[in-house]
2 protein chains.
Amino acid sequence: MRLGERKLRILQAIIEDYVMSGEPVGSRTIAKKYNLGISSATIRNEMADLEEMGYLKQPHTSAGRIPSDKAYRLYVDHLMEVRSLTPEEAKGIKKLYKIKTEQIEEIIAQTAKILSDITNYTSIVFKPELSKVLIKKIKIMPIDEEFALLIVVTNSGIIRDTIVRFPEGVESSYLEKISNMLTERFSDKSFLEIDTLIIPEIRKELAINRQMFNRVVDALTDSLTEREKKEVYLYGTGNILNFPEYRDLDKAKAFLNIMEEPELIYDIIKDLAEGGVTVTIGSENPHPDMKDSSIVTATYHIGDRVIGTIGLIGPTRMEYARVFSIMDYMGKCLSQYLTQILND
Amino acid sequence: MRLGERKLRILQAIIEDYVMSGEPVGSRTIAKKYNLGISSATIRNEMADLEEMGYLKQPHTSAGRIPSDKAYRLYVDHLMEVRSLTPEEAKGIKKLYKIKTEQIEEIIAQTAKILSDITNYTSIVFKPELSKVLIKKIKIMPIDEEFALLIVVTNSGIIRDTIVRFPEGVESSYLEKISNMLTERFSDKSFLEIDTLIIPEIRKELAINRQMFNRVVDALTDSLTEREKKEVYLYGTGNILNFPEYRDLDKAKAFLNIMEEPELIYDIIKDLAEGGVTVTIGSENPHPDMKDSSIVTATYHIGDRVIGTIGLIGPTRMEYARVFSIMDYMGKCLSQYLTQILND
DNA sequence: GTTAGCACTCACCTTCATCGAGTGCTAATC
DNA sequence: GATTAGCACTCGATGAAGGTGAGTGCTAAC
């Protein structure tokens, strides 16, 4: 069976109606509300075909139809009409930012809040990913005889610090030497390059004091990788309770539990396309507890380098077209703010 | 009317039964399950008295009684039997800590998770409050001509950093001078002392370069105060959906919304007693959306200095006695870990 | 190929009766 | 005088019965 133009139009109408109402859509509704120029009986026939092809489901015999994940996928890829925000809408969003601060964290937190407020879904914003960020300066500062503080400054303005312990004691002159050497070698490199290329190289050269050097490198790796996944801003988790699909308490609980492990979401979206907006629909999602939820993500960048991701999570019955354009805009907005702060 | 011994015993039985079952408790249940040696009719009479005195409520005429907030307060203050954890229980909890790291954040996050896992309530752990912490070292490190990094190391091992901007340029020799001076003046002082006593004093002495000094002090104040309230670890927000009192979606939403603003909770508990375990029951709580929830808090410390708070949030129908002893233990446990890490 | 018409399905709502846990009151008992 | 047994009463919860209506699939006519 082929998916002719008429079937597509009907499918589109069903999806849009269902997304709005949350109720299964019947043939009569489509015939009346959408002027497709065909009768409900014809639509019924087409709907039966669409169901056979896997695009529609019936919750029970005497109810209307609801779209399947496959239908949403088709919709997102080919059917939906994404219009970019009007200048007024865009201005409205920009107004929500109350930026006085130059704190990057503050801007990111606000982005999460705004996203969830204007969409009514749950928003998630990952802090800039350090492995994609360029290192500007590394410094090791002695605290006392035994501890030192390792500080990394990056071009995104984010700073990481960790305590390094040298049980065997430490000379500050040596630390300074290491700092200088690391800064020289690492500056303007991304962590990825450092980890895979430069460190092994240095290890070869540097025969003496290997133990101490290893401590520093371990701390550096720690501070740049391990903590990075956790730094997440979540907002609007309570919003999902507005959707009838989460009335089921077990589903709501499963959702909230997942939101407490943002690493999972990170794992799900981390492989997605480098730029632009992506949509992951229900069962496309590897995690079983997320098979009723969709995720829409966008990336943000500093200059040309993608350094982070923003996401919206909601039921599969999501206003994809609207969310798509909002995410696109917010990604750009955030990128612009960040780039601007750094170039100021 | 006086609250005789028998009334107290009955009230205690009602509270304990209701806390377990979540169902209104009838006179017959009490007579049968708790051997008070009196008949249900007597209990009925006493219950009518207790209701008149404001300790019990009836959801509707033909139902049993449930305790009021006033009753819970009485219970917590005088009736409940707090037993400390058995050595086995204590060991069980300690086992849950998978501490390899010496990262304070890691330990705190684990504490939050453990608390919520073993109690099934929502846990909240505030990171060490810096105004109560002693400063050990302050350093200003130039990043480039315009920016410098201000770093504060405290005795709790927590480090704060902020970027300070000197639009008019900066000499690194001068920064070093400021660093040394600040370290000397501030070390072993708490932020509170610094802010109220020492800074004004320095301001007086230091006539030149006032502008630059102000920038540094502002950044210091910022880094130590503004961000501190937000640093919070929450866990188990989904747990509340297990309690019938939050079946009402609006209540659940209100709860989740509050959990997104931990500052509110901080405001509620910040005035509580300096040490030990505290209990805030339902309507004792200033925030209207929390009038159905209780909060139990404990403090943790480094050495003798209280530096932070852990809390559990659940319905007013909470297992106060059990939670009380767990919180007491966890507070001590966390204090011990932290103190140990720093003295290692 | 399209549509009007019709019988059929089935979730949902309302109504109604029943059930039972729990109460308050009264009178008998200790 | 306090306690208790007994009893009538209340009222939410539960479940069955019946009606309603949105929706379907099928058939026959256009």
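Numbered from 1 within each chain, the chains take letters A, B, ... in sequence-line order.
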Between [atom2] on [N] and [atom1] on [X], what's the gap in Å once rounded to a whole number?
X: B:E52; N: C:dG24; atom1: CD; atom2: P; answer: 11 Å
X: A:K7; N: C:dG1; atom1: NZ; atom2: C1'; answer: 12 Å
X: A:Q58; N: C:dC10; atom1: CD; atom2: P; answer: 10 Å
X: B:E51; N: C:dT23; atom1: CD; atom2: C1'; answer: 10 Å
X: B:N45; N: C:dC25; atom1: CG; atom2: P; answer: 9 Å
X: A:L56; N: D:dG23; atom1: CG; atom2: P; answer: 14 Å
X: B:D49; N: C:dC25; atom1: CG; atom2: C1'; answer: 14 Å
X: A:I14; N: D:dA22; atom1: CD1; atom2: P; answer: 18 Å

Quick one: do A:E245 and A:K251 make a salt bridge, cutoff under 4.0 Å? no
State plainly whether the residues A:K113 and A:D117 are in salt-bridge range, i.e. N to O under 4.0 Å.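 Salt bridge: yes.
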Give a yes/no verdict on a cation-pi contact between B:K70 and B:Y55, requiring under 6.0 Å between NZ or CZ and the six-membered ring centre and an angle within 45° of the axis.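 Ring-cation test returns yes.
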Selection from [options] that lies nearest to any side-chain heavy atom of [X]:
X: B:A48; options: D:dC11, C:dG24, D:dA22; result: C:dG24
X: B:M47; options: C:dT23, C:dA11, D:dC11; result: C:dT23
X: A:R65; options: D:dG25, C:dT9, D:dT10; result: D:dG25
X: B:I38; options: C:dT9, D:dT10, D:dT4; result: D:dT4

Has [X] got a side-chain N or O lying under 4.0 Å from the OP1 or OP2 atom of [N]?
X: A:R44; N: C:dA4; answer: no
X: A:S62; N: C:dA11; answer: no
X: B:T42; N: D:dT4; answer: yes
X: A:R6; N: C:dG1; answer: no

What is the nucleic acid contact for A:A41, judged by heavy atoms within less than 4.0 Å: base, sugar-phosphate only, or nothing?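 Result for A:A41 = base.
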Kindly check if the number of other-residue, nucleotide or ligand heavy atoms within 6.0 Å of CZ (A:R322) is above 12?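 Counting other residues, nucleotides and ligands, CZ of A:R322 exceeds 12 neighbours.
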Once side-chain hydrogen bond (donor to acceptor under 3.5 Å, both in side chains) is applied, do any residues pair with A:T111, and if so which ones, sequence neighbours excluded?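 So A:T111 forms a side-chain hydrogen bond (donor to acceptor under 3.5 Å, both in side chains) with A:Y97.
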Anything under 30° is parallel, anything over 60° is perpendicular, the rest tilted; go ahead and classify B:Y72 against B:Y320. tilted
Return the residues of residues 17-32 of chain B meeting this criterion: a heavy atom under 4.0 Å from some atom of DNA chain C. Order them by number, or give none.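 Under 4.0 Å from DNA chain C: B:G26, B:S27, B:T29.
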For the salt bridge (charged side-chain N to carboxylate O under 4.0 Å, His left out) test, which of B:K57, B:R65, B:R44 pairs with B:E51?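 Only match with B:E51 under salt bridge (charged side-chain N to carboxylate O under 4.0 Å, His left out): B:R65.
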